[in-house]
Asker: 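Encoded as structure tokens, here's the structure I'll be asking about.
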Amino acid sequence: MITTEEIAIKVYQMLQNSDLATMISGCVDYERNDYTKEDVIVIPHTIDGEGSVRFGQINVNIHVPDLTIKVGNGKSVKRTNTKRLIEIRAKAIEILQNHYEKGMGYNWNIGRLNPPIKEPDHDEHFVSLALELTVRDKKCNQ
């Protein structure tokens, strides 16, 4: 049966081969490398069950550096770039929504959408979307 890591490769390819890859300042990848740029990170999770139908999840995290806002007395503060997080997530959803991989025995639907989360020790926030996977034994789909 197929694994989440194998499905994550398909997710990565779909994002990498889309205009999302050129609309961000960083890259589509499996890990973070540069916290000063916008990145879209694909993170496979587990698949549960032993039967002919199993359920799993892949998260797609969208990372965006915080904005620097000038405040009184020449000081500045960091603020969440919510608008940009929403724009990139909307594009990812457009690309990935409700996907069925014909002949491969799996599909996904967009699941949980998380609000912006502060990345510890970095001046950035990220949002994530969950791809809820359904994996079937290919012998049952023939």
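What you see below is based on every heavy atom in this structure, not just the backbone, and it leaves out hydrogens, waters and symmetry mates.
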Asker: Can you name the side-chain contact (heavy atoms from CB on, under 4.5 Å) partners of I9, sequence neighbours left out?
Answerer: Q13, Y30
Asker: Quick one, T4 and Q57 - any side-chain contact, counting heavy atoms below 4.5 Å?
Answerer: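 With C-beta onward as the side chain, the pair stays apart.
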Asker: Run through the side-chain heavy atoms of Ile, Leu, Val, Met, Phe, Trp and Tyr, join any pair under 4.5 Å, and report what else lands in V77's cluster.
Answerer: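 In the cluster with V77 are L67, I69, V71.
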Asker: I'd like to know if I7 and V53 are part of one continuous hydrophobic network [Ile/Leu/Val/Met/Phe/Trp/Tyr, side-chain heavy atoms within less than 4.5 Å].
Answerer: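 Different hydrophobic clusters.
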Asker: Please, which pairs that meet ring pair (Phe, Tyr, Trp, His ring centres under 6.0 Å) have at least one residue in residues 33-74, sequence neighbours excluded?
Answerer: Y35-H122, H63-F126
Asker: On a heavy-atom basis, which atom in N114 and which in S128 lie closest, and how many Å separate them?
Answerer: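 Shortest heavy-atom contact: ND2-OG, 2.8 Å.
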Asker: By side-chain hydrogen bond (donor to acceptor under 3.5 Å, both in side chains), which residues pair with E101, not counting sequence neighbours?
Answerer: H99
Asker: Locate the shortest heavy-atom distance separating K37 from R32; write the atom from each residue and the value.
Answerer: O-NH1, 3.8 Å
Asker: With sequence neighbours excluded, tell me which residues meet side-chain hydrogen bond (donor to acceptor under 3.5 Å, both in side chains) with Q16.
Answerer: none
Asker: Holding to side-chain hydrogen bond (donor to acceptor under 3.5 Å, both in side chains), I want the full list of residues that pass it with D48, two or more places apart in sequence or in another chain.
Answerer: none
Asker: Can you name the residues that form a side-chain contact (heavy atoms from CB on, under 4.5 Å) with L85, not counting sequence neighbours?
Answerer: I62, V64, T80, P116, H125, V127
Asker: Any link between L113 and L133 through a network of hydrophobic side chains (Ile, Leu, Val, Met, Phe, Trp, Tyr) touching at under 4.5 Å?
Answerer: yes
Asker: Following the transitive rule for hydrophobic clusters with a side-chain heavy-atom cut-off under 4.5 Å over Ile, Leu, Val, Met, Phe, Trp and Tyr, establish whether I88 and I86 coincide in one cluster.
Answerer: no
Asker: Which other residues belong to the hydrophobic cluster containing I43, where Ile, Leu, Val, Met, Phe, Trp and Tyr are joined when side-chain heavy atoms lie under 4.5 Å apart, directly or via other members?
Answerer: I41
Asker: Applying salt bridge (Lys or Arg N to Asp or Glu O under 4.0 Å), can you list everything that pairs with R89, at least two apart in sequence or on another chain?
Answerer: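 In terms of salt bridge (Lys or Arg N to Asp or Glu O under 4.0 Å), with neighbours along the sequence ignored, R89 is linked to no residue.
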Asker: So, for P65 and T36, which heavy atoms are closest and what is the spacing to 0.1 Å?
Answerer: CG-O, 3.3 Å
Asker: Specify the closest pair of heavy atoms between I58 and P44, including all atoms of both residues, with the distance to one decimal.
Answerer: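 Where I58 meets P44 most closely, the heavy atoms are CG1-CA, 4.0 Å.
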Asker: Residues two or more places apart in sequence or in another chain: which of them pass side-chain hydrogen bond (donor to acceptor under 3.5 Å, both in side chains) with T3?
Answerer: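 Per chain and number, T3 pairs via side-chain hydrogen bond (donor to acceptor under 3.5 Å, both in side chains) with E5, E6.
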Asker: Name all pairs fulfilling the salt bridge (Lys or Arg N to Asp or Glu O under 4.0 Å) condition that reach into residues 14-31, sequence neighbours left out, sorted by first residue then second.
Answerer: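 Of all non-adjacent pairs touching residues 14-31, those that pass salt bridge (Lys or Arg N to Asp or Glu O under 4.0 Å) are D19-K91.
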Asker: What closest approach, in Å, do Y106 and I2 show between heavy atoms, and which atom pair accounts for it?
Answerer: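 Smallest interatomic distance, heavy atoms only, reads CE2-CD1, 3.6 Å.
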Asker: Kindly indicate whether the side chain of L20, heavy atoms from C-beta on, has any atom under 4.5 Å from the side chain of E94.
Answerer: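 Result no, sub-4.5 Å side-chain heavy-atom pair not found.
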Asker: Checking N107 against R136: is there a side-chain donor and acceptor pair closer than 3.5 Å?
Answerer: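 Yes - a donor-acceptor pair under 3.5 Å links their side chains.
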Asker: To the nearest 0.5 Å, what is the distance between CG (L131) and CG (N109)?
Answerer: 9.0 Å
Asker: As an exercise, state the distance from CD1 of I110 to CG of L96, rounded to the nearest 0.5 Å.
Answerer: 5.5 Å
Asker: For N33 and D39, which heavy atoms make the closest approach, and how far apart are they?
Answerer: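 Looking at all heavy atoms of both residues, the shortest contact is N-OD2, 4.5 Å.
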Asker: Kindly state each residue pair satisfying salt bridge (Lys or Arg N to Asp or Glu O under 4.0 Å) with at least one member in residues 75-87, sequence neighbours excluded.
Answerer: E38-R84, K83-E87, R84-E87
